[in-house]
Amino acid sequence: MGQPASTDSALAPRGPLAVPEKPDAPVLNCAGRSLDLSRPIIMGVINTTPDSFSDGGTLYRGLQLDVERALKRARDMVAQGAAILDIGGESTRPGAAPVSPAQEMDRVLPLVERIAAELEVVISVDTSAPALMTEAARAGAGLLNDVRALAREGALEAAAATGLPVCLMHMRGDPGTMQAAPGYADVVSEVSDFLQRRVVACEAQGISRERLLLDPGFGFGKSVKHNLQLLQGLPCLVALGLPVLVGLSRKSMIGKMIGRDVQQRLPASLGLAVLAVERGAAIIRTHDVAATADAVAMWVALNELGEE
Ligand code: 9MG
């Protein structure tokens, strides 16, 4: 990954809009803001939901989303090294109840507008709702993150029309039911086959491969063993030739494996993040940007030493 670089430059804080170091480094055009993927980068999670599994409600004042508080979190995450902020208005934790598209838009759009006006960061919108995809692009989003891989009616068309890059994630079932005894004969090849079929569907709709990212969807309809098999098999997904995004931060698999409550999962999340970049992940989705950026910087330093 990436061009040889001195250890000093590997450790220097990386701005979100870094200039590519070599002409053929993968660069994603996110509505005019560039994402250099020649080194792993960090996506910070901002949930505007009252009920997300690890940080739900922390941006609320009473029953109301506090946009100023959310904006402060966004500023902090950018200062800590996030190249992307992922803004979500629907909880996708196991068992979560669906929200209406109107409610999701009310939560997400004001924040997208404020961040786009103030911060030089790529804004990702975590949604499966076609109408929100369209409005988010108008409001300044640069990336669509869909845990349903554009499978909802109208989503392929809406995403195609935005011209934005899209992250296609694998999920078995839906958040309400997905953890009820998920079964796979071979989780790595089934996830890989699914993602390849979604790439074909995107291309048929005019979304070129250059606009696509893949995500195995850790914790979405998978047992602990499936998640571990997917992490071990991540190079098989990387070999599909598209940037791979992973979200392992604070996930329940950590709680199940080592018995940690959600607020005690940072050390294990950092370990998993490094294991994922070691296996080729290009983007790490995390609630803990500063610590994850430090952990990934150590991997980058070691990796680039090997390229000198
Ligand atoms: C919204 N969301 C929650 N977990 C996620 C994950 O692992 N990947 C992506 N792309 N989105 C996620």
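In what follows, residues are counted from 1 in the order of the sequence shown. All ligand and atom numbering here is 1-based and tracks the order in the structure.
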Are any of the side-chain nitrogens in [X] or [Y] under 4.0 Å away from the carboxylate oxygens of its partner?
X	Y	answer
Asp193	Arg197	no
Arg138	Glu135	yes
Arg148	Asp174	no

query = Can you list every side chain to side chain donor-acceptor pair (under 3.5 Å) pair that touches residues 156-168, not counting sequence neighbours?
reply =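 For residues 156-168, and leaving out neighbouring residues, there are no side chain to side chain donor-acceptor pair (under 3.5 Å) pairs at all.
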Dump the pairs for me: ligand 1 N or O, protein N or O, distance under 3.5 Å, to 0.1 Å.
{"from": "ligand 1", "atom 1": "2 (N)", "to": "Arg285", "atom 2": "NH2", "distance (Å)": "3.4"}
{"from": "ligand 1", "atom 1": "4 (N)", "to": "Lys251", "atom 2": "NZ", "distance (Å)": "3.1"}
{"from": "ligand 1", "atom 1": "4 (N)", "to": "Arg285", "atom 2": "NH1", "distance (Å)": "3.4"}
{"from": "ligand 1", "atom 1": "7 (O)", "to": "Gly247", "atom 2": "O", "distance (Å)": "3.3"}
{"from": "ligand 1", "atom 1": "7 (O)", "to": "Lys251", "atom 2": "NZ", "distance (Å)": "2.6"}
{"from": "ligand 1", "atom 1": "8 (N)", "to": "Asp215", "atom 2": "OD2", "distance (Å)": "2.6"}
{"from": "ligand 1", "atom 1": "10 (N)", "to": "Asn145", "atom 2": "OD1", "distance (Å)": "2.8"}
{"from": "ligand 1", "atom 1": "10 (N)", "to": "Asp215", "atom 2": "OD2", "distance (Å)": "2.7"}
{"from": "ligand 1", "atom 1": "11 (N)", "to": "Asn145", "atom 2": "ND2", "distance (Å)": "3.1"}

inquiry  = Show every ring pair (Phe, Tyr, Trp, His ring centres under 6.0 Å) that has at least one partner inside residues 225-247, sequence neighbours left out.
reply    =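 Those involving residues 225-247 are Tyr184-His226.
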Side-chain donor-acceptor distances from residues 199-207 under 3.5 Å, at least two apart:
none

